[in-house]
> 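Sending over a structure as structure tokens; questions will come in a sec.
From a predicted model like this one, the values you see are computed outputs, not experimental measurements.
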Amino acid sequence: MTNNHDFIANFAAKILIMKISIIGSGAMGSGIAQVLAQSGHEVLLTDTRQEALDKAKSGLQSTMTKLVEKAKLTQEIADAILQRISFDTQVSAMSGSALIIEAIVENIEIKKKVFAEVEEVVDANCILASNTSSLSITSIASACKRPERVLGIHFFNPAPLMPLVEIIPALQTSKEITDQVYGWVKSWGKVPVICKDTPGFIVNRVARPFYGEAIRIYEEGFADFSTIDQSMRDLGFKMGPFELMDMIGNDVNFAVTESVFAAFFYDQRFKPSLTQKKLNEAGWLGRKTGRGYYSYADQATIPPPQDNASLKQRIGMRILVMLINEAYDTFYLRIASAEDIDLAMTKGVNYPKGLIAWGKELGLKSCVDLLDELYHEYGEDRYRCSPLLRNLTR
Ligand code: NAI
């Protein structure tokens, strides 16, 4: 017989002293380790390379020092967080974990191999998750003997700061596992959304036109990078598409665009651009190489945007309507709920408003009219209006 207190104690024990192992101690793995240790879990960070573990350890130590200096944490709490994180190169060290989160290189064959290996050392009820940005969770699950306990738990970079976590059940995942993970993610102070296992999940699918349409407008000679960036900042976005691509890295952004395009069987709507390909060929990857769409050399300045309010408004609306169309189509295809799509874009990539709500605010009819105008002008599939968006205006 368990009374209410037993129930609460068991519940607290489950939440507080879970052992969670993370595979891959790079940018994402170490950020996720911090989130989980801050929530009280016993965290094991693993990597095949000892130097990666050493780097993660010193990175976490300096993050904690900064948080103490900024008075966000006391020294005592920071020390306790660091003590909860251990480091190991051996897969066998993961035994006894309630949850595994994989954050290794973005390669399907390597991920499948690692999942199959890990399954041999963990308990039957351990949940196995991947932090992949673009690979099929269903395909990863297929490498496991118990695929019903495999799912995607997709954090955003930097994991300690971005609230969003996309939870992606594979075709094989059980409802109980998905529900359980949803509760855990909430208990870590994050905002979970549930998303079908489809290319780009929510954020990396819905955000594609932010970059693609901006580049297209540039290619057509309507405006330069800084005018297009300013048009989006005028709408409330923290950064314009070109400055953001330069920050993310043009290699990373182009790889996501190419992978989403291929995964959608080359739907023209997701077509990558030659401009971005050329930048990659030149090695102009953005801030990290000192040059991308803009130059980051000493003394370099960003050219001022054109002083043309109607041009900027037209550019902003064209990109925004493409984003709204993608958000409605994602809802139309039952990839996620309308609420989750709006949460994803505001909590994962800091959009000033949810796109479903923004469409309603602008008036869905005006969105459809602008898409139709673009479609008639160009005759290209990328401008096709989502059937849902059109139906909602009838
Ligand atoms: P990273 O390159 O910084 O770190 C990957 C780490 O995994 C490296 O330390 C490497 O030594 C280790 N590793 C590689 N193969 C391994 C294996 N077989 N076993 C154990 N460790 C192994 O990569 P990052 O950026 O942290 O990305 C990791 C994953 O998270 C990828 O799937 C990526 O798509 C995803 N992701 C990345 C985001 C980002 O903005 N960087 C955002 C959200 C997801």
> Can you list every pair that meets ring pair (Phe, Tyr, Trp, His ring centres under 6.0 Å) and has a residue in residues 352-394, with sequence neighbours left out?
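Passing the test, one end in residues 352-394: Phe237-Trp358, Tyr378-Tyr383.
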
> For residues 52-60, which side-chain N or O atoms pair as donor and acceptor with protein atoms under 3.5 Å away, sequence neighbours left out?
from	atom 1	to	atom 2	distance (Å)
Asp54	OD1	Gln50	NE2	2.9
Ser58	OG	Asp54	O	3.4
Ser58	OG	Lys55	O	3.2

> Are the side chain of Asp123 and the backbone of Cys126 linked by a donor-acceptor contact shorter than 3.5 Å?
no

> Looking at residues at least two apart in the chain, or sitting in another chain, which of them share a salt bridge (charged side-chain N to carboxylate O under 4.0 Å, His left out) with Asp179?
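Once residues adjacent in sequence are excluded, the partners of Asp179 under the salt bridge (charged side-chain N to carboxylate O under 4.0 Å, His left out) criterion are Lys175.
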
> Answer yes or no: is there an ion pair linking Glu380 with Arg269, defined by an N-O contact shorter than 4.0 Å?
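No.
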
> Who are the salt bridge (charged side-chain N to carboxylate O under 4.0 Å, His left out) partners of Lys360, not counting sequence neighbours?
none

> Taking Lys277 for its side chain and Pro272 for its backbone only, find out whether a donor-acceptor pair lies under 3.5 Å.
no

> Do Ser366 and Asp369 meet the criterion of a side-chain donor-acceptor pair at a distance under 3.5 Å?
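No - no donor-acceptor pair under 3.5 Å links their side chains.
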
> Does any pair with a residue in residues 79-90 pass side-chain hydrogen bond (donor to acceptor under 3.5 Å, both in side chains), and if so which ones, sequence neighbours excluded?
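Sorted result for residues 79-90: Gln75-Asp79.
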
> Can you list everything that forms a salt bridge (charged side-chain N to carboxylate O under 4.0 Å, His left out) with Glu220? Sequence neighbours excluded, please.
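By the salt bridge (charged side-chain N to carboxylate O under 4.0 Å, His left out) rule, Glu220 matches Arg216, Arg318.
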
> Side chains of Asp246 and Tyr296: do they bring a donor and an acceptor to under 3.5 Å?
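Note: Asp246 and Tyr296 side chains meet the donor-acceptor criterion.
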
> So with a 6.0 Å cut-off around CD of Glu361, is the heavy-atom count from everything else above 12?
yes

> Please enumerate all residues that pass salt bridge (charged side-chain N to carboxylate O under 4.0 Å, His left out) together with Glu219, with sequence neighbours excluded.
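Expected list: none.
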
> Side-chain heavy atoms nearer than 4.5 Å, only ILVMFWY residues, links allowed to pass through others: does that put Leu36 and Phe87 together?
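Yes, it is one cluster - the side chains of Leu36 and Phe87 are joined through contacts under 4.5 Å.
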
> Same hydrophobic cluster for Ile202 and Leu323, using side-chain heavy-atom links shorter than 4.5 Å among ILVMFWY?
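Looking at the clustering, Leu323 is in the same group as Ile202.
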
> Any heavy-atom pair between the side chains of Ser136 and Asp197 that's under 4.5 Å?
yes

> With ring pair (Phe, Tyr, Trp, His ring centres under 6.0 Å) as the rule and sequence neighbours excluded, what pairs involving residues 322-344 come up?
none

> Could you tell me which residues satisfy side-chain hydrogen bond (donor to acceptor under 3.5 Å, both in side chains) with Ser259, sequence neighbours excluded, listed by chain and number?
none

> If the condition is side chain to side chain contact (heavy atoms under 4.5 Å, CB included), which residues does Arg394 pass it with, not counting sequence neighbours?
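Partners of Arg394 under the side chain to side chain contact (heavy atoms under 4.5 Å, CB included) test: Arg390, Asn391.
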
> Using modelled atom types only, decide if a donor and an acceptor are shared between the side chain of Asn157 and the backbone of Ala27 within a distance under 3.5 Å.
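Such a contact is absent between Asn157 side chain and Ala27 backbone.
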
> Please examine the side chains of Glu339 and Ile356, heavy atoms only from C-beta on, and report whether any two atoms are closer than 4.5 Å.
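Answer no - side chains too far apart.
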
> List, one per line, each side-chain donor-acceptor pair under 3.5 Å for residues 141-148, sequence neighbours excluded.
from	atom 1	to	atom 2	distance (Å)
Ser142	OG	Ser139	O	2.5
Lys145	NZ	Glu120	OE2	2.6

> Once side-chain hydrogen bond (donor to acceptor under 3.5 Å, both in side chains) is applied, what residue pairs with a partner in residues 164-173 remain, sequence neighbours excluded?
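As it turns out, the side-chain hydrogen bond (donor to acceptor under 3.5 Å, both in side chains) pairs with a partner in residues 164-173, which skip direct neighbours, are His154-Glu166.
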
